[in-house]
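In what follows, a structure is listed as structure tokens, so that the remarks can point back to it.
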Amino acid sequence: MRWPDSIRARLMLGATVVLIAFVAGAGWAVQRAHEDSVRTARFAQLQSTVYLLLAGTDLDEQGALVLPPSFPEPRLSLPGSGLYAAIVNVARKEQWQSPSTLGVVPPFLREVGVGKWRSEILTSGGREYLVIGTGVNWAGRAQAAPLVLSVAEDKAEFDREVAVFERTLWTWLGRAAVRRVVSQSVLVGGGLAPLR
């Protein structure tokens with residue numbers, strides 16, 4: 001790259017390159033931190049839904065799953081709501097799915113060790129899902145039974161939230177950078193005026 005001949009142009013070019021690099025680095029770091037924060041919050045919400053499932057789960061005398069007709073989380077009862085749940089009774093190879101899964105095939109976790117948690121982003125039917133699951137050893141009326149509880153949420157809402165933040169972030173950073181370039185141009189021009 002060939003540097004311009006005038007001192008003013010050199011100062012402006014150097015300062016602008018440094019400013020752009022700083023704004024891009026800071027913007028990328030803030031964007032990543034926000035995305036990680038939103039993802040963590042979403043998985044925490046899904047974990048709460050798993051606990052709701054666990055509170056409503058029971059086994060009958062034969063060790064079969066018994067679940068209530070509805071849950072405190074209304075989206076589990078609404079077909080295609082974006083929030084889906086499944087419980088696998090490992091010993092009986094029995095699986096229950098929430099009514100919200102009607103017409104949808106979410107990628108549930110079916111193998112999670114007892115006392116373990118897994119959270120992943122999985123794809124099914126061309127869509128991405130935030131999925132969390134845990135394994136428990138349920139002490140039913142007859143005998144203990146290993147269960148795997150899994151909740152999946154359509155990732156589209158997460159993507160929308162992140163995209164809105166990114167758009168706002170880069171708009172404000174871009175405006176701030178333009179103002180900074182204009183103000184530094186005025187300052188450099190004024191500071192170098194005596195050298196003319």
Side-chain angles (χ1 to χ4, degrees), residues 29-166 168-169:
V30 170
Q31 178 181 315
R32 288 301 303 269
H34 176 262
E35 186 174 334
D36 289 345
S37 173
V38 173
R39 187 183 301 107
T40 300
R42 290 275 177 172
F43 278 126
Q45 289 175 350
L46 295 179
Q47 189 175 33
S48 298
T49 306
V50 169
Y51 285 126
L52 282 176
L53 274 180
L54 194 54
T57 302
D58 201 0
L59 297 176
D60 64 17
E61 276 119 15
Q62 286 76 43
L65 286 169
V66 178
L67 284 114
S70 63
F71 287 91
E73 172 51 77
R75 289 192 297 161
L76 290 177
S77 301
L78 184 65
S81 67
L83 183 67
Y84 314 101
I87 302 174
V88 176
N89 188 342
V90 179
R92 292 174 58 99
K93 295 186 172 62
E94 171 190 24
Q95 177 174 292
W96 170 90
Q97 291 188 349
S98 62
S100 58
T101 60
L102 187 64
V104 185
V105 186
F108 294 116
L109 298 173
R110 291 179 171 81
E111 294 180 9
V112 184
V114 173
K116 307 283 186 189
W117 284 91
R118 272 177 54 201
S119 54
E120 299 179 29
I121 296 176
L122 301 174
T123 303
S124 176
R127 299 184 74 87
E128 287 189 306
Y129 296 83
L130 300 170
V131 186
I132 193 167
T134 188
V136 297
N137 201 18
W138 186 260
R141 297 172 195 169
Q143 57 185 3
L147 304 179
V148 176
L149 297 94
S150 181
V151 174
E153 182 178 42
D154 195 318
K155 191 171 171 275
E157 186 58 37
F158 167 83
D159 291 337
R160 272 193 295 274
E161 185 176 343
V162 169
V164 167
F165 178 82
E166 287 177 5
T168 305
L169 172 68

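Looking at residues two or more places apart in sequence or on another chain, you find a side-chain contact (heavy atoms from CB on, under 4.5 Å) between Leu169 and Val30, Gln31, Phe165, Leu173.
With hydrogens and angles ignored, the 3.5 Å screen pairs no side-chain donor or acceptor of Ser150 with any backbone N or O of Phe108. Counting only distance, with no hydrogens or angles, the side chain of Ser124 and the backbone of Val105 share a donor-acceptor pair below 3.5 Å. Using modelled atom types, one side-chain atom of Thr40 and one backbone atom of Asp36 make a donor-acceptor pair closer than 3.5 Å.
Scanning both residues, Thr57 and Leu147, for their nearest heavy atoms gives CG2-CD1, 4.0 Å. What you find for Ala86 and Leu53 is that their closest heavy atoms are O-CD1, 4.5 Å. When all heavy atoms are compared, the tightest approach of Glu111 to Val148 is N-CG1, 4.4 Å. When all heavy atoms of Pro79 and Leu102 are compared, the pair lying nearest together is CB-CB, 4.0 Å.
A distance of 9.0 Å separates NE2 in His34 from CD in Glu166, rounded to the nearest 0.5 Å. Note that the NZ atom of Lys155 and the CZ atom of Arg39 stand 7.5 Å from one another [nearest 0.5 Å]. Note that the CG atom of Leu52 and the CG atom of Leu46 stand 11.5 Å from one another [nearest 0.5 Å]. Atom CZ of residue Arg75 and atom CG of residue Asp154 lie 10.0 Å apart, to the nearest 0.5 angstrom. To the nearest 0.5 Å, atoms CD (Glu73) and OG1 (Thr49) are separated by 5.5 Å. Note that CG of Leu130 and CG of Leu83 are 10.5 Å apart. Values are rounded to the nearest 0.5 Å.
A salt bridge links Glu157 with Arg160: the closest approach of a Lys/Arg side-chain nitrogen to an acidic carboxylate oxygen falls below 4.0 angstrom.
Between Leu122 and Leu109 the shortest side-chain heavy-atom distance falls below 4.5 Å. Under the 4.5 Å side-chain criterion, counting only non-hydrogen atoms from C-beta, Leu59 is not in contact with Val66. The shortest distance between side-chain heavy atoms of Val104 and Tyr129 falls below 4.5 Å. At a threshold of 4.5 Å between non-hydrogen side-chain atoms, the residues Pro106 and Thr101 count as touching. Taking 4.5 Å as the limit, every side-chain heavy atom of Leu78 sits out of range of all side-chain heavy atoms of Ser100.
Residue-environment remark: CZ (Arg127) stays at or below the threshold of 12 foreign heavy atoms within 6.0 Å.
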Q.
Walk me through whether Ile87 and Trp138 qualify under side chain to side chain contact (heavy atoms under 4.5 Å, CB included).
A. CA-CA 12 Å; Ile87 302 174; Trp138 186 260; over 6 Å; no
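Identified under the ring-ring contact (aromatic ring centres under 6.0 Å, His included) test for residues 50-87, with sequence neighbours left out: Tyr51-Trp117, Phe71-Trp96.
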